[in-house]
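If you read the sequence from its start, that first residue is 1, and numbering goes on from there.
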Amino acid sequence: MAKGKAKGPKGKKITLKIAKNSIRISYDGGRRLDLSKMGITTFPKCILKLADVDELDLSRNMLKKIPNSIEKFQKLRWLDLHSNQLEELPKTIGTLQNLFYLNICNNKLTTKSLPEELHLLKNLRFLNLGLNCLECIPSNLGALKELKELGLFDNLLTTIPNSVKKLPKLNKLNAERNPFPDSIKKEEFVDPIKRIETLYLVQEKDLCCSCLKTCQGEKDKMNKLKNIIPSPSKKLSFPLLLTPNSTAKDNQEHWRLKGEDP
């Protein structure tokens with residue numbers, strides 16, 4: 001039997017031709033490089049030749065690391081890295097000053113592996129850190145004054161810094177399923193509409209066992225609610241009436257007179 005380290009799964013090799021064919025035009029006319037769900041295990045260096053794109057989607061792959069060369073994407077406004085195996089982020093991510101959307105949900109990030117330079121993203125409006133291993137949130141994220149939506153759900157948080165909770169433009173903060181002490185009202189951190197964690201669909205194979213179990217539990221709850229709550233009909237229904245409105249005749253006087261017949 002051969003000795004040595006066991007090799008991980010061999011990912012798909014992305015060539016420059018494949019990358020060029022993966023460029024799409026977004027709804028606002030920007031250029032989007034979509035390499036999601038392609039079984040990529042290492043950051044494809046060839047895409048550095050396409051660093052003038054506005055959006056980069058590397059979600060639902062098997063990436064463990066993003067290189068410092070990400071800083072070459074200076075025009076980037078939208079970066080999606082969710083559902084990978086990222087254990088760290090490069091400090092150079094803080095140089096992407098045009099970035100307004102950053103999704104790093106469902107990875108293996110810890111508080112220590114979050115670069116301090118995240119607070120330099122002054123134009124960031126959407127940040128999703130959910131489904132990671134964060135024990136606390138850096139207070140310097142309070143410098144993200146333009147932030148409107150923040151996802152912190154399914155981590156190991158026991159508190160959230162006031163500097164983050166009191167961000168002036170923050171209107172959606174989802175911190176569900178964190179081990180907050182009883183003294184802290186969890187509802188204070190929850191977005192009741194739950195928009196952040198339902199923005200994206202993730203296949204079962206992209207989730208770890210614990211996350212998959214949680215999702216299946218939530219799905220069972222939703223199915224039970226669907227069975228309990230009747231679907232709204234297209235027309236109003238008045239069950240106390242002898243004749244439902246959906247079949248009532250236009251001439252209401254006719255029905256009144258009919259009721260008076262012996």
Side-chain angles (χ1 to χ4, degrees), residues 59 63-66 79-91 93-94 99-122 124-200 202 204 206-222:
S59 65
L63 295 170
K64 292 185 177 182
K65 186 178 181 181
I66 301 297
L79 178 59
D80 195 343
L81 301 171
H82 86 268
S83 301
N84 276 282
Q85 298 175 20
L86 296 176
E87 298 175 351
E88 60 180 327
L89 291 175
K91 294 182 178 181
I93 199 169
L99 206 64
F100 74 84
Y101 176 102
L102 177 60
N103 189 352
I104 46 181
C105 166
N106 193 26
N107 280 288
K108 298 180 180 181
L109 298 170
T110 65
T111 302
K112 290 183 179 180
S113 64
L114 281 183
E116 183 179 350
E117 288 74 11
L118 271 182
H119 80 280
L120 299 176
L121 301 174
K122 303 297 184 182
L124 203 61
R125 289 167 172 76
F126 179 103
L127 175 60
N128 194 345
L129 297 169
L131 284 166
N132 277 291
C133 306
L134 306 178
E135 295 181 349
C136 62
I137 298 300
S139 59
N140 64 3
L141 291 188
L144 303 177
K145 302 301 182 184
E146 298 297 318
L147 199 64
K148 294 183 178 181
E149 299 187 16
L150 177 59
L152 299 175
F153 52 90
D154 293 288
N155 276 289
L156 304 172
L157 303 177
T158 56
T159 186
I160 296 177
N162 286 330
S163 60
V164 174
K165 289 189 292 184
K166 295 181 179 180
L167 282 167
K169 296 186 179 182
L170 191 65
N171 53 40
K172 293 182 181 68
L173 175 56
N174 188 340
E176 283 195 335
R177 295 180 295 279
N178 277 285
F180 294 118
D182 293 338
S183 58
I184 297 179
K185 294 182 179 179
K186 185 177 67 173
E187 290 77 9
E188 183 180 355
F189 311 126
V190 175
D191 171 15
I193 305 178
K194 299 183 181 178
R195 298 175 189 216
I196 295 177
E197 65 177 308
T198 55
L199 280 176
Y200 296 94
V202 180
E204 291 183 0
D206 296 323
L207 293 172
C208 63
C209 293
S210 60
C211 296
L212 178 59
K213 185 177 180 180
T214 299
C215 291
Q216 289 174 335
E218 292 297 319
K219 183 178 179 181
D220 291 341
K221 290 180 182 179
M222 290 298 296

Shortest non-hydrogen pair, Asn178 vs Phe153, comes out as ND2-CA, 3.9 Å

Could you pull out all residues at least two apart from Thr110 that satisfy side chain to side chain donor-acceptor pair (under 3.5 Å)? Ser113

Rounded distance (nearest 0.5 Å) linking atom CG of Leu129 with atom CG of Asn106: 12.5 Å

In this structure, are over 12 heavy atoms from other groups packed under 6.0 Å from Glu87 atom CD? yes

Looking at Gly142, is its backbone amide N or carbonyl O close enough to the side chain of Lys145 to form a donor-acceptor pair, meaning the two atoms are under 3.5 Å apart? yes

Rounded to the nearest 0.5 Å, how far apart are CG of Asp154 and SG of Cys133? 11.0 Å

Would you say the side-chain atoms of Asn84 pair up with the backbone N or O of Leu86, donor to acceptor, closer than 3.5 Å? no

Residues in side chain to side chain donor-acceptor pair (under 3.5 Å) with Asp220, at least two apart? none

Distance-minimising heavy-atom pair for Glu116 and Asn140: CG-ND2, 3.3 Å

As an exercise, state the distance from OG of Ser163 to CG of Leu144, rounded to the nearest 0.5 Å. 9.5 Å

Using atom types as modelled and distance alone, determine if a side-chain donor or acceptor of Asn155 lies under 3.5 Å from a backbone N or O of Asn132. yes

Give a yes or no answer on whether the side chain of Ser139 reaches the backbone of Pro161 with a donor-acceptor pair at less than 3.5 Å. no

Do Leu102 and Ile93 have side chains that get closer than 4.5 Å, going by heavy atoms? yes

Results of side chain to side chain donor-acceptor pair (under 3.5 Å) for Glu146 - residues two or more places apart only: Lys169

side-chain contact (heavy atoms from CB on, under 4.5 Å) evaluation trace for Leu141 with Leu114: CA-CA 11 Å; Leu141 291 188; Leu114 281 183; 5.5 Å; no

Correct closest heavy-atom pair for Glu149 and Asn171 would be CG-OD1, 4.3 Å

From Ile160 atom CD1 to Leu150 atom CG, the distance as rounded to the nearest 0.5 Å: 7.5 Å

Around atom NZ of Lys91, are there more than 12 heavy atoms of other residues, nucleotides or ligands at under 6.0 Å? no

Starting at CG of Leu99, measure out to CG of Leu120 and round the result to the nearest 0.5 Å. 12.0 Å

How long is the span from the CG atom in Asn107 to the CG atom in Leu89, to the nearest 0.5 Å? 8.0 Å

